[in-house]
There are 2 protein chains.
Amino acid sequence: MTSSDNDIGLKSVHLTIDALELLSREQRDIGISEMANLLGTTKGTVFRHMQTLLARGYVTQSESSHRYRLGPQAACLGQSAIDHTDIVERARPHLSALREATGETVALSLVDQQGVVILSKVMGKSPLEIGVRVGSRLALHSSAQGKIALAFGPSLLLAQYERQDLASFTPHTIETTSELKAALERIRQTGIAEAPNEYMLGVNAIAAPIRDRSGALVATVAVVGSIQNVDARTKPEMIEAIVATAQKISTDLGYVGNV
Amino acid sequence: MTSSDNDIGLKSVHLTIDALELLSREQRDIGISEMANLLGTTKGTVFRHMQTLLARGYVTQSESSHRYRLGPQAACLGQSAIDHTDIVERARPHLSALREATGETVALSLVDQQGVVILSKVMGKSPLEIGVRVGSRLALHSSAQGKIALAFGPSLLLAQYERQDLASFTPHTIETTSELKAALERIRQTGIAEAPNEYMLGVNAIAAPIRDRSGALVATVAVVGSIQNVDARTKPEMIEAIVATAQKISTDLGYVGNV
DNA sequence: CACCGCCGTTTCGCATAGCGTAACAATGTT
DNA sequence: AACATTGTTACGCTATGCGAAACGGCGGTG
């Protein structure tokens, strides 16, 4: 799971990040010995790193078990990261408008070299709330946003993704590379992606690409909801609205051009 | 601004964190030279740190200006931190209930050795939304939650806070240490704190302490809203509700006892 | 247009800073 | 009560991250 480019940059910083991401991955508290095993290093080393992170508030230590978990300062930093991403501000009114038009939950996700991260959402009108967690990374092969990223994003993404197994979440999850490639080809032609039942049964999302001045894919807008309300085949007007929203946000970012 | 305990722990990790927090503090992108100045180190060093953070997605570099800003991975980590804090889950139903009872925005904030961080909120019913940012740290002397932290929290907090100047946000902000001490004394007696007009004119908050099994202050619940709806003197039933909510959450965390 | 100044990036040798090993203390388990 | 865990501390070596200075690119200015 740990990236292969751990050799570029500072070793101890990489280790600290590895530790933080380990704590972020597991939802339980983790002790020093276990971390040392999982990270492939020694107890003493991990201890020093935890000391440092503890002093800064990025991890907390349970009084009783002496195990560690992520601390509030990490939350603080994370929120700042969202605030500093100007796409979020720029897109906000368009997202609200799209939610108003469709009544469904709308989500903005950023694309980076590691995949897609949800940065902002506006909840739909339905009393049963269906949404996505801000700050979560989506699976690339089984989410509408992820497929947009694979189809239009950095080729590096697709390349490094092909070496992995495609995790299966439901019977409808795409499982073979050839199926995925066919799907991506269709997405490149239509300009939108959906993922009905692929991550969770009964849930669908339709996503469209957002580009910046340079024409590179930087984000996606998506409508998320129950499969009976969000369906590309039965709601052409919804697709229209999503694509139009993506266009507007792209234009706001300085993108010019249609292809 | 940088903590005095930068000598405990790993130097390069501290520097990386310093850099991240610098980027989080300023809302503009920052170049390497400027960071080196602000952090009291050299360009080369900062460059290596940015390389590392770049490879991991915690910062992004602008194509054009080559300046740096916080990246999406930081947002990812931050959200995980919130998800891993079980108080958030435990408190959720109580917060919703309190919002239902009062109609106002309700916020849960965690207390750590550096102050208070908002971790969760439920927006009020008023069409004009008044709230607080999740992930933001509040001023200790001019927010209801901050004063709760100073009054009941780790004495270390108060001690290190006395050495600082009390920033003034409005004409009503407490500015002298003696005033603050008097206010804290009152808060210790009544068990609740408010901060009318102290951070922003027209806005008030009323907060109560949440304790864990050991009896230590770990969090606060607060109602936030316009000063005409949220006022400790005219709404005794609101205070009742807040204190009761804090009690319930404390009990859920294993706290026993009244004082 | 050539100059200058500033930027981010790269290189390199040195000393420090962080690593691993191993002993220690504090638990809770058998 | 012996033991097998845990988290914590101590210490010496060497890898590692640091600082100073040189490099290339860009944008302004005379």
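In the text below, chain A, chain B and the rest are named by the order of the sequence lines, each starting its count at 1. In this text, all values refer to a predicted model and were calculated from it rather than measured experimentally. Side chains included, hydrogens not; waters and symmetry mates left out as well; all remaining heavy atoms used.
When base pairs are accepted only as Watson-Crick or G-U wobble with both N-N or N-O distances under 3.5 Å, DNA chain C takes part in stems of 3 or more pairs at C:1-6 with D:25-30, C:8-24 with D:7-23, C:26-30 with D:1-5.
If you measure from atom CG of A:Asn37 to atom C1' of D:dT5, you get 13 Å, rounded to the nearest angstrom.
In this structure, a donor-acceptor pair under 3.5 Å is absent between the side chains of A:Thr245 and A:His94. Side chain to side chain, A:Gln79 and B:Gln79 fail the donor-acceptor criterion of an N or O pair below 3.5 Å. Side chains of A:Gln61 and A:Arg69: no donor on one and acceptor on the other come within 3.5 Å.
For the atom pair OG1 of A:Thr177 and NE2 of A:His141, the computed distance is 10.5 Å after rounding to the nearest 0.5 Å.
Partners of A:Arg213 under the salt bridge (Lys or Arg N to Asp or Glu O under 4.0 Å) rule, at least two apart in sequence or in another chain, do not exist in this structure.
A 4.5 Å side-chain heavy-atom check between B:Met50 and B:Met35 finds at least one atom pair inside the cut-off. The shortest distance between side-chain heavy atoms of B:Leu138 and B:Ile118 falls below 4.5 Å.
A donor-acceptor distance shorter than 3.5 angstrom exists from the side chain of B:Arg188 to the backbone of B:Ala151, with no hydrogens or angles considered.
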At under 4.0 Å between heavy atoms, how does the protein contact nucleotides 8-20 of chain C? Give one character per nucleotide, 5' to 3', with B, S or -. BBB------SSBB
